[in-house]
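Taking it in order: structure first as structure tokens, then the write-up.
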Amino acid sequence: MRPKLFDPDAVIASALPLFWRQGYEGTHMPELLDAMGLGKASFYNAFTSKHAVFLNVLDRYLSAVDHVLARALEGVKHRDEAAAKLLDAILAVARDQEERTVGWRGCLIGNTALEMGAQDETVRDRLNQGVRLLRRHFAKALSLADGDGRVLPDGAVSALSLHAVAGIQGILVLAKAGLPKEEVTAARQALLFTLQASPQV
């Protein structure tokens, strides 16, 4: 068997920005091949389909987000700071570095959920993994003590971590739809306030 003349990880990395900005249906094969630097034969020998590439892209995205959020929490000791750092890290990932459209590319998890919903089981599984990943990081942050040493009960951590995921995804959808920057900031502050409220659940 002839060895591959390209790095599969590298070509998946090249495909990610295209799917991220344009979505699954909006990404057409000619531009995907061009972005990946592959001919048709090499593409289909390696990946079999556009769908297979998209699943690889989702896996790569989730791994990258996991790494970014883990680093955001490194060395953080208190709950309020940890929650703020996670929100800011997610917002930073979702900004479009090339400042296209309104400057937001959103979260690939949320973008894909809006585009494809629950119609594709394999994609849905990745989206559920993404939600669990985000929720796990928020739960870690919210499990920390506050500045006075108070710790939230497990029920509050569980409820607030889900609230945080839902809240930040909502903010990103609105941001991608053109919500003014100052209102994105205000929404971020409001979500952070609810995470700092220390409810008894």
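Note: hydrogens, waters and symmetry copies are ignored here, and every other heavy atom, side chains too, is used. None of these values were measured; they are calculated from a predicted model.
Grouping Ile, Leu, Val, Met, Phe, Trp and Tyr by side-chain contacts under 4.5 Å, direct or through others, puts Leu114 with Val173. Clustering of Ile, Leu, Val, Met, Phe, Trp and Tyr side chains at separations under 4.5 Å leaves Val151 isolated, with no partner residue.
The two residues Ser161 and Leu142 make their nearest non-hydrogen contact at N-CD1, 3.7 Å. Shown here for Cys107 and Ala94, the closest heavy-atom pair between the two residues is N-CB, 4.4 Å. Looking at every heavy atom in both residues, Met36 comes nearest to Ala15 through CG-CB, 3.9 Å. Thr122 and His51 make their closest contact through OG1-CE1, 3.2 Å (heavy atoms, listed as atom of the first residue, atom of the second, distance). Heavy-atom minimum distance, Glu25 versus His28: O-CE1, 3.6 Å. Contact between Leu62 and Gly130 at its shortest, heavy atoms only, is CD2-CA, 3.5 Å.
Of the inter-residue distances, the one linking Ile90 atom CD1 with Leu172 atom CG reads 7.5 Å to the nearest 0.5 angstrom. Here CG of Leu33 is found 10.0 Å from CD of Glu31. Values are rounded to the nearest 0.5 Å. Remark: Asp148 CG to His78 NE2 distance equals 9.0 Å, nearest 0.5 Å. Once rounded to the nearest 0.5 Å, the distance linking CG of Leu32 with OH of Tyr24 reads 9.5 Å.
No continuous path of hydrophobic side-chain contacts links Leu195 to Leu144 [ILVMFWY only; heavy atoms under 4.5 Å]. Residues Leu86 and Leu162 fall into different hydrophobic clusters, defined by Ile, Leu, Val, Met, Phe, Trp and Tyr side chains chained together at heavy-atom separations under 4.5 Å. No chain of hydrophobic side-chain contacts below 4.5 Å, direct or via other Ile, Leu, Val, Met, Phe, Trp or Tyr residues, connects Val76 to Leu91.
A donor-acceptor pair under 3.5 Å is formed between the side chain of Thr194 and the backbone N or O of Leu191. Of the possible polar contacts, none joining the Arg95 side chain to the Gly106 backbone as a donor-acceptor pair under 3.5 Å is found.
Partners of Glu81 according to the side chain to side chain donor-acceptor pair (under 3.5 Å) rule, which considers only residues two or more places apart in sequence or in another chain, do not exist here. Scanning for side chain to side chain donor-acceptor pair (under 3.5 Å) contacts around Ser158 gives Arg135, with sequence neighbours left out. In terms of the side chain to side chain contact (heavy atoms under 4.5 Å, CB included) criterion, residue partners of Ala84 (sequence neighbours excluded) are, by chain and number, Arg188, Leu192. For Asp66, the salt bridge (charged side-chain N to carboxylate O under 4.0 Å, His left out) partners are Arg136, not counting sequence neighbours. A search for salt bridge (charged side-chain N to carboxylate O under 4.0 Å, His left out) contacts involving Asp9 returns nothing, not counting sequence neighbours. Taking the ring-ring contact (aromatic ring centres under 6.0 Å, His included) definition, one finds that Phe138 meets it with nothing, sequence neighbours left out. With sequence neighbours excluded, no residue satisfies salt bridge (charged side-chain N to carboxylate O under 4.0 Å, His left out) with Asp125. Under the salt bridge (charged side-chain N to carboxylate O under 4.0 Å, His left out) criterion, Asp59 pairs with Arg126, sequence neighbours left out.
Between Arg60 and Ile12 the shortest side-chain heavy-atom distance falls below 4.5 Å. Residues Leu58 and Phe19 have side chains not in contact (no heavy-atom distance under 4.5 Å, counting atoms from C-beta outward). Within the 4.5 Å cutoff, no side-chain heavy atoms of Arg79 are placed close to those of Gln196. Within the 4.5 Å cutoff, no side-chain heavy atoms of Glu183 are placed close to those of Leu174.
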Would you sort out whether Leu134 and Gln169 count as a side chain to side chain contact (heavy atoms under 4.5 Å, CB included), showing the intermediate values?
CA-CA 10 Å; Leu134 295 175; Gln169 288 294 336; 3.6 Å; yes

Verify side chain to side chain contact (heavy atoms under 4.5 Å, CB included) between Gln129 and Leu133, making sure each step is shown before the conclusion.
CA-CA 6 Å; Gln129 289 176 33; Leu133 183 157; over 6 Å; no

Go through the steps for Met116 and Arg124 under the test side chain to side chain contact (heavy atoms under 4.5 Å, CB included), then give the verdict.
CA-CA 8 Å; Met116 304 179 75; Arg124 184 177 69 241; over 6 Å; no

Criterion side chain to side chain contact (heavy atoms under 4.5 Å, CB included) on Leu108 and Val57, from CA distance to verdict:
CA-CA 10 Å; Leu108 187 56; Val57 162; 4.0 Å; yes

Could you pull out all donor-acceptor pairs under 3.5 Å where a side-chain atom in residues 37-44 meets a protein atom, sequence neighbours excluded?
none

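Among Arg105, Arg21, Lys176, the one residue that satisfies the side-chain hydrogen bond (donor to acceptor under 3.5 Å, both in side chains) test with Asp96 is Arg21.
Evaluation of the ring pair (Phe, Tyr, Trp, His ring centres under 6.0 Å) test over residues 57-77, restricted to residues two or more places apart or in two chains, returns Trp20-Tyr61.
Counted within 6.0 Å of NZ on Lys85, heavy atoms from surrounding residues, nucleotides or ligands total 12 or fewer; the atom is thus considered open.
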